[in-house]
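Remember, it's 1-based here, ligands and their atoms both numbered in the order they're listed. Predicted model only: the values in this text are computed from it and were never measured.
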Amino acid sequence: MKTIGIFYATLTKTTVGVVDELEFFLKHDDFKTFNIKNSVKEIENYENLIFVTPTYQVGEAHAAWMNNLKKLEEIDFTGKVVGLVGLGNQFAFGESFCGGIRHLYDVIVKKGAKVVGFTSTDGYHYEETSIIEDGKFIGLALDEENQANLTPKRIENWIAEVKKEFK
Ligand SMILES: Cc1cc2nc3c(=O)[nH]c(=O)nc-3n(C[C@H](O)[C@H](O)[C@H](O)COP(=O)(O)O)c2cc1C
């Protein structure tokens with residue numbers, strides 16, 4: 001399998017813990033991890049990609065992603081396979097649960113990306129979310145405030161699925 005580029009943003013470091021767990025389940029594979037803040041161009045160097053963002057501002061991705069959406073639009077995602085991981089809080093922000101990844105999804109799909117790793121909505125208790133397509137989440141939705149105990153298994157299952165699709 002070709003090297004995986006993991007790109008993330010964080011405000012209060014919860015996402016850093018999630019990225020650590022992703023890396024744990026990729027320990028037999030090649031990957032390189034970047035904070036998106038200064039690394040948008042690096043995306044061009046990878047065909048296998050994982051984008052990770054917490055949700056802020058009522059359903060938005062972290063500012064480092066939102067401020068870079070224009071640069072993301074300049075990248076040709078044809079031939080790139082992308083898995084999306086969103087963090088959120090389904091009880092405190094249940095009307096916009098994990099909406100951050102929707103903003104990334106819309107841009108990269110328009111630019112030709114193949115987004116993989118859709119997941120079941122079973123076991124979550126949000127009121128509303130923008131991240132459903134064909135009855136599934138468009139990526140992996142994680143809630144470290146309320147369901148941290150479920151996270152390792154969710155990540156393990158998700159990584160197994162996206163690895164089947166990676167090049
Ligand atoms: C001001 C604020 C706004 C938030 N907005 C949302 C939201 O709209 N939807 C959601 O699911 N989670 C929301 N969250 C929850 C965060 O996404 C969640 O706590 C995440 O784990 C934070 O990750 P980080 O520590 O890496 O920044 C919000 C949190 C804060 C503090």
Side-chain angles (χ1 to χ4, degrees), residues 4-27 31-43 46 48-73 82-109 113 115-159 161-162:
I4 303 161
I6 304 173
F7 293 80
Y8 75 94
T10 184
L11 189 64
T12 55
K13 300 273 163 59
T14 316
T15 304
V16 175
V18 163
V19 168
D20 283 347
E21 287 191 66
L22 287 165
E23 291 175 340
F24 174 78
F25 288 111
L26 290 169
K27 60 181 179 290
F31 63 84
K32 201 158 174 214
T33 304
F34 302 87
N35 187 320
I36 191 64
K37 212 165 26 180
N38 308 307
S39 314
V40 186
K41 285 294 270 179
E42 288 286 343
I43 291 171
Y46 298 88
N48 297 331
L49 290 157
I50 297 176
F51 291 170
V52 194
T53 186
T55 308
Y56 282 103
Q57 307 287 5
V58 191
E60 291 200 351
H62 182 282
W65 281 110
M66 296 307 287
N67 295 338
N68 276 310
L69 288 184
K70 281 249 146 49
K71 280 193 195 161
L72 214 55
E73 263 172 38
V82 188
L84 299 172
V85 181
L87 282 81
N89 182 326
Q90 63 202 289
F91 294 116
F93 301 94
E95 78 292 352
S96 56
F97 179 51
C98 273
I101 54 174
R102 164 57 72 178
H103 299 270
L104 311 185
Y105 177 90
D106 285 348
V107 170
I108 65 177
V109 165
V115 176
V116 299
F118 282 31
T119 56
S120 167
T121 59
D122 290 353
Y124 297 85
H125 306 282
Y126 56 88
E127 281 170 39
E128 269 183 55
T129 181
S130 60
I131 64 163
I132 294 180
E133 291 281 342
D134 298 330
K136 289 193 150 190
F137 288 140
I138 55 178
L140 176 63
L142 298 174
D143 182 342
E144 290 299 272
E145 271 102 69
N146 302 296
Q147 295 184 330
N149 57 322
L150 302 180
T151 293
K153 198 70 200 159
R154 281 175 173 167
I155 290 180
E156 185 178 12
N157 293 342
W158 185 80
I159 287 284
E161 287 307 309
V162 297

Short N/O distance, under 3.5 Å, between [X] and ligand 1?
X: A9; result: no
X: F97; result: no
X: V16; result: no

Among all protein heavy atoms in this structure, tell me which lies nearest to [atom], with the distance rounded to 0.1 Å.
atom: atom 23 (O) of ligand 1; result: P54 CB, 3.2 Å
atom: atom 9 (N) of ligand 1; result: S96 O, 3.0 Å
atom: atom 12 (N) of ligand 1; result: N89 N, 3.2 Å
atom: atom 11 (O) of ligand 1; result: C98 N, 2.9 Å
atom: atom 18 (C) of ligand 1; result: E145 OE1, 3.6 Å
atom: atom 17 (O) of ligand 1; result: T55 O, 2.7 Å
atom: atom 25 (O) of ligand 1; result: T12 OG1, 2.3 Å
atom: atom 27 (O) of ligand 1; result: Y56 OH, 2.6 Å

Donor-acceptor contact below 3.5 Å, side chain T33 vs main chain I6: no
Qualifying residues under side chain to side chain contact (heavy atoms under 4.5 Å, CB included), relative to N67, sequence neighbours excluded: A63
Partners passing side chain to side chain contact (heavy atoms under 4.5 Å, CB included) against E21 (at least two apart in sequence or in another chain): E144, T151, P152, I155
F137 six-ring centre to R154 NZ/CZ under 6.0 Å and within 45° of normal: no
Ring geometry between F91 and H125 (parallel below 30°, tilted from 30 to 60°, perpendicular above 60°): parallel
Proximity flag G99 to ligand 1, non-hydrogen atoms under 4.0 Å: no
Sub-4.0 Å heavy-atom approach of E144 to ligand 1: no
Salt-bridge contact K153-E156 (side-chain N to carboxylate O under 4.0 Å): yes
Sole residue of I43, V85, V115 in side-chain contact (heavy atoms from CB on, under 4.5 Å) with F51: I43
